[in-house]
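Worksheet for the structure shown next.
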Amino acid sequence: MSELLDVKERIESLRAQLRRHDRLYYVENAPEITDQNYDRLMAELIELENQFPELKSPDSPTQRVGNELAGEFKTVSHEVPMLSIGNTYSYADMREYDERMKKELGLKVSYSAELKYDGLAVSLTYTDGKFTLGATRGDGEKGDDITANLRTIKAIPLFLENAPKGTFHVRGEVLLPLKELERLNKERELNGETLFANARNAAAGSLKQHDPAVTASRKLTFVAYASACFPAWDDLELLTAYKKLGLPAASPCKICKNIEEAIAFCEEWKEKRFTLPFATDGIVIKINSFALREKLGATAKSPRWAIAYKFPAESAETKLLSVSLQVGRTGAITPVANLEPVHLAGTKVSRATLHNFDEIERLDIRVGDTVLVEKAGEIIPDIVGVLKDKRDGSEQKIEVPNKCPVCGSDVYRDPEMAAITCSNVSCPAVLKRVIAHFASRNAMDIMGLGPAVIDELVDKMIVSDYGDLYAIKGANWLAFSKIGDKSAANLDHALNLSKKRPYDRLLFAIGIPGVGSATARTLAKRFPTIEKLEKATLEELTAVEGIGEINAKGIMSFFANARNIEALEKLRSAGVCLEYREEEDVPKILDGKIFVITGAIPGVSRLEAASTILKYGGTVSESVSKQTSFLITEDVSARSSKIDKALELGTKIISWKELAEMCGFEPPEPEPERQGSLFDDLTGNKEEELAARKMRNAAEKNARSENKNENTGKETQGDLFSDLF
Ligand code: IVH
């Protein structure tokens with residue numbers, strides 16, 4: 001009993017410490033401990049909660065990522081409607097608004113001015129300090145219950161100490177930092193998925209995920225700027241109270257004595273906003289006093305007490321130097337403008353999409369023209385106009401290509417779209433992209449099949465589709481200039497492993513137009529074999545949630561193409577999995593165990609490795625600490641601070657195969673066959689290597705202390721799962 005009391009006390013102390021550090025990091029921007037030490041506290045808490053499940057609590061900082069949602073998001077009504085704000089683009093409008101306010105209220109008014117955050121507006125309900133419900137704005141009256149996804153955002157506290165009793169709602173914006181948007185888009189490009197046009201779409205997309213683990217993997221953040229049912233007199237009091245409670249409050253919030261001060265604030269942030277790590281699209285100006293807000297009320301759509309000044313789209317003049325033609329995965333040829341570099345909206349711009357040849361004709365753009373580029377919250381700048389009076393007659397018309405710039409085949413114009421498309425289904429440019437997509441991490445995850453190898457495979461005409469990849473076996477890989485013994489063995493192994501990838505990954509990999517990972521998952525469940533999907537009618541396809549007519553037609557045209565069927569046949573004869581297999585229920589054999597992974601595991605992506613561990617009840621952490629139960633690595637001789645630390649602490653070091661044995665799952669990857677020297681350095685004597693390493697480390701440590709080198713104590717920054725993706 002007394003042990004339980006001690007544990008309870010320790011758990012509460014750990015929770016309080018973690019909450020305090022979350023708050024220092026997200027609210028005060030003044031972290032006091034390294035990420036590694038934070039992870040240590042978290043690991044201890046996880047371990048204790050696993051040992052004493054009766055002490056688990058939904059608002060513990062360990063409980064952020066919940067289960068996948070089976071059906072639709074639940075609709076919830078907002079107790080107080082979430083309105084939008086009237087926009088203005090001119091200071092004259094703002095002055096006029098001020099006149100109206102003064103007249104209506106019969107007195108001088110002061111305003112609060114804040115950044116207009118460009119993300120997704122949400123409402124967070126706290127009851128007696130507990131975060132109980134989080135919803136999207138929806139139509140203002142009713143929104144979607146996205147609590148499970150919002151819980152994964154570390155800037156949103158799950159529990160507010162010293163919160164006012166009862167229920168109140170925190171209104172604010174979920175934001176996707178611009179750096180994270182860049183990372184996400186790079187990943188999406190690699191996977192052949194459409195890119196997010198801006199941070200707002202990306203934030204919305206990330207919150208509409210059915211699997212909170214996906215939301216958790218995007219580093220979303222939150223800022224609070226309004227409330228419903230919260231006891232405060234004005235914005236200053238509200239935001240100060242929020243900050244005290246540990247909520248990340250809007251900042252800066254300038255209290256302006258008159259409208260001119262508000263206008264000056266807009267001017268100040270017009271440029272300065274590009275130094276912020278997230279997107280903003282204007283300034284919100286609000287009557288500061290809540291009592292006056294009450295008096296002013298609202299129209300059906302927006303409150304009378306606020307107005308949003310929208311920043312003008314940033315534009316710049318520059319010269320069009322040349323036009324490049326890009327051939328995409330579908331064969332569509334996109335003209336891209338190469339520009340004289342120009343500074344625009346915080347970045348240097350030297351390229352802009354010209355969309356298609358109709359657009360070039362509409363704008364009558366010529367090479368050598370002075371053009372106007374604009375960025376309006378989107379990442380890719382647009383050419384919006386041509387300054388024709390700056391022409392000197394030397395400008396060159398841009399010809400519509402009649403041959404593919406890569407393979408020289410005829411091009412055709414897709415009657416339904418503006419795109420000019422290469423007619424050659426095996427155009428090398430298209431084929432290279434198709435294969436890169438097939439092999440990419442979220443598709444078949446064929447490690448080692450990188451761009452250089454793909455170029456060679458296609459240029460030497462060894463493959464004419466992805467099905468041909470499986471015909472290259474063992475030492476045949478050695479015929480490639482970029483491939484040595486070890487990579488040949490690894491590639492062979494990786495291809496074998498890829499045959500067992502789940503069917504939905506295969507559906508994503510084969511490049512059906514409009515089928516991203518999420519649609520592939522839905523299709524895999526509804527049409528559990530590739531034959532069933534091939535035979536699906538338009539009605540059957542459009543009956544599937546999330547599949548519209550265009551999508552359905554894309555799927556049907558994919559299967560109507562004999563070359564695709566041929567490629568699928570090759571996959572079938574190679575033994576690639578072409579059907580859906582229900583995930584079996586597994587025993588939670590790793591319950592209470594904390595794992596750290598270091599280095600690559602051949603044939604298993606980090607994400608897969610982590611989800612396997614989670615599936616068997618284990619936890620994955622980023623750094624090795626006393627709480628770590630096992631460090632997983634395939635190569636004990638690799639330079640790794642995690643291996644060193646594990647040796648120092650005596651943490652057990654195991655391979656993926658050993659983990660598989662522990663859990664009783666078939667290691668999905670058969671060991672590559674031994675073929676003389678080809679596979680020699682893939683395996684070694686782990687015990688010997690560990691002992692040697694331990695000695696080496698001890699010797700190095702001695703040498704270091706003798707040298708009395710100053711250790712800064714600075715540890716790697718990065719979040720708990722940064723290593724996983
Ligand atoms: S105050 C009427 N303050 O902009 C609701 N809203 O176009 C009062 N927004 O969806 C909200 N930054 O959610 C307020 N600093 C800020 C804001 C802000 C962004 C959102 C708001 C609304 C949209 C209006």
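In what follows, every heavy atom counts, from backbone to side chain, and hydrogens, waters and symmetry copies are set aside. All ligand and atom numbering here is 1-based and tracks the order in the structure. No experiment lies behind these values; they were computed from the predicted model shown.
- Side-chain contact, Asp382 with His355: a donor N or O sits under 3.5 Å from an acceptor N or O.
- Below 4.0 Å from some heavy atom of Ala121 lie the following atoms of ligand 1, by number and element: 10 (O), 13 (O).
- Within ligand 1, the atoms closer than 4.0 Å to a non-hydrogen atom of Leu83 are 2 (C), 5 (C), numbered from 1 in the order shown.
- Not one N or O of Asn87 is nearer than 3.5 Å to an N or O of ligand 1, by distance alone.
- Listed by number with element, the atoms of ligand 1 under 4.0 Å from a non-hydrogen atom of Pro303 are 2 (C).
- Ring centers of Tyr117 and Phe278: under 6.0 Å apart, within the cut-off.
- Ring-centre distance between Tyr26 and Phe222: not below the 6.0 Å cut-off.
- Aromatic ring orientation, Phe265 versus Trp269: tilted (interplanar angle from 30° to 60°).
- Residue Trp305 has no nitrogen or oxygen atom sitting less than 3.5 Å from a nitrogen or oxygen atom of ligand 1, judged on distance alone.
- When heavy-atom distances to ligand 1 are checked against a 4.0 Å cut-off, Glu114 comes that close only through its side chain, counted from C-beta outward.
- For Tyr38 and Tyr25, the distance between ring centers is not under 6.0 angstrom.
- Checked by atom type, the side-chain pair Glu79/His169 shows a donor-acceptor distance below 3.5 Å.
- Residues Arg20 and Glu32 are paired through a salt bridge, judged by an N-O separation under 4.0 Å between the basic side chain and the carboxylate.
- Closest to atom 4 (O) of ligand 1 among all protein heavy atoms lies Lys116 NZ, 3.5 Å.
- Shortest contact from atom 1 (S) of ligand 1 to any protein heavy atom: Lys286 NZ, 3.3 Å.
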(request) Might you work through the ring pair (Phe, Tyr, Trp, His ring centres under 6.0 Å) test for Tyr126 and Phe159, ending with a clear yes or no? (result) CA-CA 8 Å; Tyr126 284 89; Phe159 181 71; 9.0 Å; no
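- With a 4.0 Å cut-off on non-hydrogen atoms, Ile85 touches ligand 1 through its backbone as well as its side chain.
- Using a 4.0 Å cut-off between charged nitrogen and carboxylate oxygen, Glu114 and Lys286 count as a salt-bridge pair.
- Ligand 1 lies out of reach of Ala306, whose nearest heavy atom is not under 4.0 Å from it.
- Checked by distance only, ligand 1 and Tyr117 come closer than 3.5 Å through their nitrogen or oxygen atoms.
- For the pair Arg362 and Asp358, the salt-bridge criterion is not met [side-chain N within less than 4.0 Å of a carboxylate O].
- Using a 4.0 Å cutoff on heavy atoms, Met82 does not count as a contact of ligand 1.
- Atoms of ligand 1 found under 4.0 Å from any heavy atom of Glu173 (numbered from 1 in listed order, with element): 9 (N), 13 (O), 19 (C), 20 (C).
- Remark: ligand 1 and Leu115 share an N or O pair separated by less than 3.5 Å (distance only, no angle test).
- Residue, atom and distance of the protein heavy atom nearest to atom 11 (C) of ligand 1 are Tyr225 CE1, 3.9 Å.
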